[in-house]
Amino acid sequence: MPEQALYLKWRPSAFDEVVGQDHIVRTLRNSLKTGRIRHAYLFSGPRGTGKTTTARLLAKAVNCLDPDPDQRPCNQCANCIAINEGRFLDLIEIDAASHTGVDDVRDLRDKIAFTPGEGKYKVYIIDEVHRFSGAAFDALLKTLEEPPGHAIFVLATTEIDKVPSTIKSRSLQFEFRRVSLQQVADRLHEIAESEGLQVERAALELIARQGTGSVRDSISLLDQIVSDPNEPITLEMAQRVLGTGNVRAVRELVEAVVEGSIPRGLHIINEAIDSGSDPRQFGQQIVEHLRAVLLAQSASADLVEASAEDRAMFDRQAAVIGRSALLRAVRTFNEAVNEFKGGWQPQLSLELALIESIRGAQQEPDVIEADAFSRASAQPQKAPNQPPSVPDFPEAEITPPGAPPVVAMSAVRDRWVEMLKVLNRYSSTGPAVVQHFRPLRIDGNLVYIATDKNLYYDRLNDPKKLNVLERAMSEVHKIRLRVQLALVDDLDRATTGDATASTADLDDPLLSEGLDLGGVIKSEDGLS
């Protein structure tokens, strides 16, 4: 005899085992305690969230012989055991997809008058009730209006909008919700431990994410991955079996979108597809990541179910990408996923989405960036009787070279992402350039920021753009600050204390004064 599927084996047999539907379980248990059993229930929600399972639990509970309502269903009395074994005559399950005609409902209506043979109630579970025809719904309506006292109807549907309002008004409605990622992962962990499986937590979360809030689908995916119960299931194995893209590839592609690098993004897409990732799954992961960045930019990364490290990454990316560019990327990749039809070039839709999302932000020449900076540098117009857009803060005199810093270097580094978010209010394109710079040192009220890329140094080296950046930094630190650019050989070494000789010489007053006048640091070989 073939082994039973995991989703059938682990179907909840008691209300306590139902995952993620506490609001429904609590109401049904209270109804059992008080004896307020309705004649018709309407369960709606996405597939795999527990509608049919809860309907069966309700059927067991109302026919359970245990005298304590809190213990129903007990799974020990004769009625509970009969329902668990599928031989309880007073539980009738009907698939509306194969019984759509009015004759089927009339047959049901004729039989419902007979009293229960084993239990207290006859329970009719009609699955996918939205598949009924209009005449079938009319016939069912008559039964719902005048039901016999021993009959209970539980209607289940994934498309509540297709159920007539006349049926809804005569039923007690419950909306089943998608289950959170962590709750599904916890359930999968419980199943894996009981089955003696060794599964990494990251793999369980990937399975839960692919299940999209459906507990049944997630358990089926776990069953699909388990080929050898003695073989540990790693994240890499789960990615390979499910056809999902490597998480690193998804992150790198979003970084390419943030940077506006089409060549890098195309390389990442083709490497991911060539390594076996399913294009549709890969696209869904990209959309999910971009959505997390959008939430971080619009509200808070706390809305995203992710680790603290991932939330910090979402915050950083949200601070450096413009709102319009991010919205464009979300739309284009989402459309690519929804319209995906395979074909002989499966990655083409993702490639087009990448190019359209980046080119859309670059429809005009690079000078548009300078124009945006110039517009942002102008004092914004304020309506009468409104407070200024920038809070008041102490004015600092121009300090001589070598003066003590007016703000701690650690504070500038710690609040760099916050500063980029403030800068984004003044210029949507500014953060995309400034993200390539890092704080280098502070001389009085002069903050040196460095980059090792000539392109971004040249783009930012403009008095109007620097004025916008100074306003953002001053607003964050509540004191007037000035900004000076520096071009170094290695940004990581220069900003982590292991600087080259050229970077270390920044403490030289003569070199500092040269930088103030617009000088550039050169290495010994003459390269910037």
Side-chain angles (χ1 to χ4, degrees), residues 245 248-274 277 279-298 313-314 316-376 420 423-437 451 453-460 462 465 468:
R248 180 180 299 177
V250 175
R251 294 176 178 176
E252 290 179 353
L253 182 63
V254 175
E255 286 287 348
V257 173
V258 172
E259 294 177 2
S261 176
I262 293 177
R264 180 187 176 191
L266 292 176
H267 278 293
I268 295 170
I269 290 175
N270 282 273
E271 288 173 3
I273 303 305
D274 291 343
S277 297
R280 187 182 184 89
Q281 295 274 13
F282 188 49
Q284 289 174 344
Q285 290 177 271
I286 296 170
V287 174
E288 184 178 358
H289 188 119
L290 290 170
R291 173 181 172 272
V293 176
L294 180 62
L295 291 175
Q297 187 182 82
S298 304
M313 174 185 60
F314 298 144
R316 178 180 59 80
Q317 292 175 340
V320 298
I321 187 172
R323 176 65 62 83
S324 60
L326 178 57
L327 292 174
R328 185 180 297 108
V330 173
R331 289 195 188 100
T332 53
F333 277 102
N334 189 55
E335 290 172 359
V337 171
N338 291 334
E339 298 174 3
F340 179 77
K341 297 180 180 178
W344 64 282
Q345 287 288 359
Q347 68 267 42
L348 180 60
S349 59
L350 296 179
E351 293 170 340
L352 293 176
L354 172 75
I355 295 173
E356 290 175 7
S357 61
I358 294 178
R359 282 281 171 84
Q362 301 174 346
Q363 289 179 351
E364 299 180 24
D366 287 343
V367 71
I368 190 174
E369 192 172 88
D371 293 341
F373 261 118
S374 300
R375 289 194 300 270
L420 291 175
L423 178 62
N424 190 56
R425 297 208 313 262
Y426 297 114
S427 169
S428 60
T429 57
V433 178
V434 180
Q435 69 163 324
H436 297 281
F437 287 77
T451 184
K453 295 180 174 62
N454 287 276
L455 172 64
Y456 296 107
Y457 179 91
D458 294 338
R459 286 188 177 184
L460 190 57
D462 178 90
K465 297 178 184 179
V468 179

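Since the model is a prediction, treat every value here as computed from it, not as a measurement.
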Requested in this report: List the steps, then state whether side chain to side chain contact (heavy atoms under 4.5 Å, CB included) holds for Val293 with Val330.
Outcome: CA-CA 10 Å; Val293 176; Val330 173; over 6 Å; no
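- The two residues Val250 and Phe282 make their nearest non-hydrogen contact at CG2-CE1, 3.6 Å.
- Note: Gln284 CD to Phe340 CZ = 10.0 Å, rounded to the nearest 0.5 Å.
- Listed for the Gln297 side chain is a donor-acceptor partner under 3.5 Å among the backbone atoms of Ile321.
- Remark: Ile273 CD1 to Leu350 CG distance equals 6.0 Å, nearest 0.5 Å.
- You'll find the side chain of Asn334 stays beyond 4.5 Å of the side chain of Arg291, heavy atoms only.
- Side chain of Ser277 to backbone of Ala272: a donor-acceptor contact under 3.5 angstrom is found.
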Query raised in the report: side-chain hydrogen bond (donor to acceptor under 3.5 Å, both in side chains) between Glu351 and Asn270: does it pass, once the steps are laid out?
Result: CA-CA 9 Å; Glu351 293 170 340; Asn270 282 273; 3.0 Å; yes
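- A distance of 10.5 Å separates CD in Gln347 from CG in Leu352, rounded to the nearest 0.5 Å.
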**Report entry** side chain to side chain contact (heavy atoms under 4.5 Å, CB included) assessment of Leu326 paired with Gln317
**Finding:** CA-CA 10 Å; Leu326 178 57; Gln317 292 175 340; over 6 Å; no
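- For Ser357 (side chain) and Thr332 (main-chain N/O), no donor-acceptor pair under 3.5 Å exists by modelled atom type.
- Atom CD1 of Ile268 sits about 9.0 Å away from atom CD1 of Ile286, to the nearest 0.5 Å.
- A search for side chain to side chain contact (heavy atoms under 4.5 Å, CB included) contacts involving Ser298 returns Leu294, Arg323, not counting sequence neighbours.
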Requested in this report: Mind running side chain to side chain contact (heavy atoms under 4.5 Å, CB included) on Phe333 and Val337 for me, showing each step along the way?
Outcome: CA-CA 6 Å; Phe333 277 102; Val337 171; 5.6 Å; no
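- Between the side chain of Ser427 and the backbone N or O of Asn424, no donor-acceptor pair lies under 3.5 Å.
- Relative ring orientation between Phe314 and His289 is described as perpendicular, the plane-to-plane angle rising above 60° on a 0-90° scale split at 30° and 60°.
- When all heavy atoms of Ala319 and Pro431 are compared, the pair lying nearest together is O-CB, 3.0 Å.
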**Report entry** Working for salt bridge (charged side-chain N to carboxylate O under 4.0 Å, His left out), residues Glu255 and Arg316
**Finding:** CA-CA 10 Å; Glu255 286 287 348; Arg316 178 180 59 80; 2.4 Å; yes
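- Taking each heavy atom of Arg328 and Glu356 in turn, the nearest pair found is CD-O, 3.7 Å.
- Here Phe437 pairs with nothing under the ring pair (Phe, Tyr, Trp, His ring centres under 6.0 Å) rule; sequence neighbours left out.
- The line from CD1 of Ile262 to CZ of Arg359 is 4.0 Å long, rounded to the nearest 0.5 Å.
- The line from NE2 of His267 to CG of Leu253 is 13.0 Å long, rounded to the nearest 0.5 Å.
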